[in-house]
Amino acid sequence: MTPGEAVAVEASEAGITPLEALLRRGRLRATLTMLGPAFVAAIAYVDPGNFATNVAGGARFGYLLLWVVLAANLMAMLIQYLSAKLGIVTDHNLPESFRAHYPRWMSWGMWVQAEIISMSTDIAEFLGAALGLNLLFHVPLFIAGVMTGFIAFGLLELRRRGYRPFELAITALLGIIFLGFLYETLKIGPSASGVASGLVPHMDGPDALYLAVGIIGATVMPHAIYLHSALTKGRMPVHNDAERSRVLRFERTDVIIALGLAGLINLTMLAVAAKLFHGAGLTGVDTIPGAHTEFGNLVGGGAALAFAVALFASGASSSSVGTYAGQVVMGGFINVNISLYVRRIVTMIPALVVLAVGVSPTSALVLSQVVLSFGIPFALIPLVMLTSRRDVMGVHVNRRLTTSTAWTLAVVISGLNVFLLTQAAGLG
């Protein structure tokens with residue numbers, strides 16, 4: 001019996017609402033029971049694409065882009081909370097709400113772009129897990145990709161058994177990633193002054209901007225925006241606006257803890273690469289296998305092992321989360337549902353093709369993150385529009401400051417993408 005089912009039984013026996021039954025257990029137990037959705041969403045913020053962009057950014061530019069990582073994670077906290085809020089208040093996920101309030105042709109268009117973004121996401125996650133297996137056990141990349149598919153099937157089976165087993169498994173894998181980079185940080189010891197200078201906003205040319213946009217794309221993930229609203233809808237039954245407000249407060253705590261942990265991982269990832277590679281003049285370390293080799297050469301086998309284990313945990317967990325998000329997107333925008341297993345098989349094909357033809361995995365990872373950044377406005381703008389509508393959100397409609405901040409983020413991210421396009425086209 002899951003915690004939610006146990007609370008429902010207790011509430012029924014006592015003649016009270018499920019939330020009242022939960023609160024009777026004490027604040028700490030209630031909080032722990034409500035934690036989970038943001039941890040599943042947070043795994044998307046430390047997926048293999050982050051490894052690629054953070055390693056490349058730290059090696060080439062040192063601590064320069066730390067402020068971008070921090071800013072991206074602060075953006076993520078607001079964005080993911082708004083997504084969770086939409087699910088709690090409306091009992092519908094973001095794609096479902098969009099389909100309910102906007103024309104059918106727009107829903108189909110949103111679905112098409114979301115599927116393209118999902119494919120890009122899946123390539124990054126699959127390649128990361130395959131690279132992790134390759135680095136750990138020297139498994140050929142294509143075979144490692146097939147093995148990753150089976151691992152993802154196992155994690156998705158947990159989702160079929162209820163939300164809690166899946167949440168706990170993903171949270172455990174997030175913990176493994178955190179421990180891996182905690183070990184790296186303690187072993188390597190990034191410069192405190194370098195970290196402080198890197199947190200001051202500044203930029204150094206179009207190459208740095210390209211990686212900065214990639215970092216934003218790897219951090220603020222479109223599929224996580226769609227998914228979070230699905231993770232919170234109906235998770236805790238509520239009977240009035242007062243109970244919704246209590247659940248929203250729990251979810252804010254969930255977001256702050258989970259996204260704070262993901263942000264810390266990203267910051268340490270880039271800072272470690274800056275100290276180890278940039279500090280030693282190894283600015284050309286821009287591949288994950290190259291980083292793994294240099295960890296072993298410069299620090300030792302333990303550091304290389306921790307890096308590979310964290311990479312594999314990241315790829316395996318985010319691959320399953322991405323598949324689940326793809327199902328939410330399809331079911332929400334066009335009201336078509338297919339088996340998670342069928343979707344897993346279909347979406348793993350492009351990644352296996354990339355592995356089979358021998359494309360550089362790290363280059364594909366970085367490029368996929370830039371593609372992802374172009375999908376952010378298509379998820380973020382509808383989210384802001386819907387959560388700002390009183391007819392959708394009722395008394396929980398966004399405050400003016402929240403709406404203004406969210407619109408600013410959408411404009412900034414969109415502007416960065418346009419600038420990146422002009423640079424790529426040689427117009428900037």
Side-chain angles (χ1 to χ4, degrees), residues 46-73 124 127-128 131-132 134-135 177 180-219 263-311 314-315 360-370 373 420:
V46 288
D47 79 347
N50 294 88
F51 282 69
T53 54
N54 288 332
V55 166
R60 187 167 184 181
F61 299 106
Y63 299 99
L64 175 71
L65 299 179
L66 276 178
W67 71 273
V68 177
V69 176
L70 177 61
N73 277 275
L127 290 177
L131 272 174
N134 174 261
L135 296 175
I177 301 168
F181 280 96
L182 176 62
Y183 174 83
E184 304 284 18
T185 302
L186 295 175
K187 188 79 173 178
I188 296 168
S191 164
S193 61
V195 169
S197 66
L199 293 175
V200 178
H202 57 297
M203 194 55 68
D204 185 20
D207 290 341
L209 180 62
Y210 178 85
L211 266 176
V213 174
I215 287 171
I216 293 173
T219 305
L264 184 59
I265 292 171
N266 282 319
L267 288 169
T268 58
M269 200 183 300
L270 192 144
V272 164
K275 171 65 181 295
L276 191 63
F277 305 140
H278 189 82
L282 299 173
T283 57
V285 177
D286 57 0
T287 68
I288 288 177
H292 177 262
T293 299
E294 293 302 336
F295 269 115
N297 292 338
L298 299 175
V299 186
L305 177 64
F307 179 80
V309 169
L311 175 64
S314 167
S360 166
T362 304
S363 297
L365 280 172
V366 174
L367 179 60
S368 72
Q369 301 314 297
V370 176
S373 70
L420 185 66

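When reading the values below, keep in mind they use all heavy atoms of this one structure, side chains included, and skip hydrogens, waters and symmetry mates. Computed from a prediction, not measured in an experiment: that's the story for all the values here.
Looking at residues two or more places apart in sequence or on another chain, you find a side-chain hydrogen bond (donor to acceptor under 3.5 Å, both in side chains) between Asn266 and Asn50, Asn54. In this structure, the side chain to side chain contact (heavy atoms under 4.5 Å, CB included) partners of Ser191, at least two apart in sequence or on a different chain, are Tyr63, Ser193. Scored by the ring-ring contact (aromatic ring centres under 6.0 Å, His included) test, Tyr183 finds no partners at all (sequence neighbours excluded).
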In a table with atom names and distances, give each donor-acceptor pair under 3.5 Å that connects a side chain of residues 269-283 to protein atoms at least two apart or in another chain.
| residue | atom | partner | partner atom | Å |
| --- | --- | --- | --- | --- |
| Lys275 | NZ | Ile188 | O | 3.3 |
| Lys275 | NZ | Gly189 | O | 2.8 |
| His278 | ND1 | Ala59 | O | 3.0 |
| His278 | ND1 | Arg60 | O | 3.3 |
| His278 | ND1 | Gly62 | N | 3.4 |

Give the table of side-chain donor-acceptor pairs shorter than 3.5 Å for residues 292-311, with sequence neighbours excluded, one pair per line with atom names and distance.
| residue | atom | partner | partner atom | Å |
| --- | --- | --- | --- | --- |
| His292 | NE2 | Ala304 | O | 3.4 |
| Thr293 | OG1 | Pro289 | O | 3.0 |
| Asn297 | ND2 | Thr293 | O | 3.4 |

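For the pair Pro190 and Thr185, the tightest heavy-atom approach, listed with the atom from each and the gap, is CD-O, 3.7 Å.
A 4.5 Å side-chain heavy-atom check between Met203 and Trp67 finds at least one atom pair inside the cut-off. Between Leu66 and Leu267, some side-chain heavy-atom pair lies under the 4.5 Å cut-off.
Residue pairs that meet the salt bridge (charged side-chain N to carboxylate O under 4.0 Å, His left out) test with at least one member in residues 181-200, sequence neighbours left out, do not exist here.
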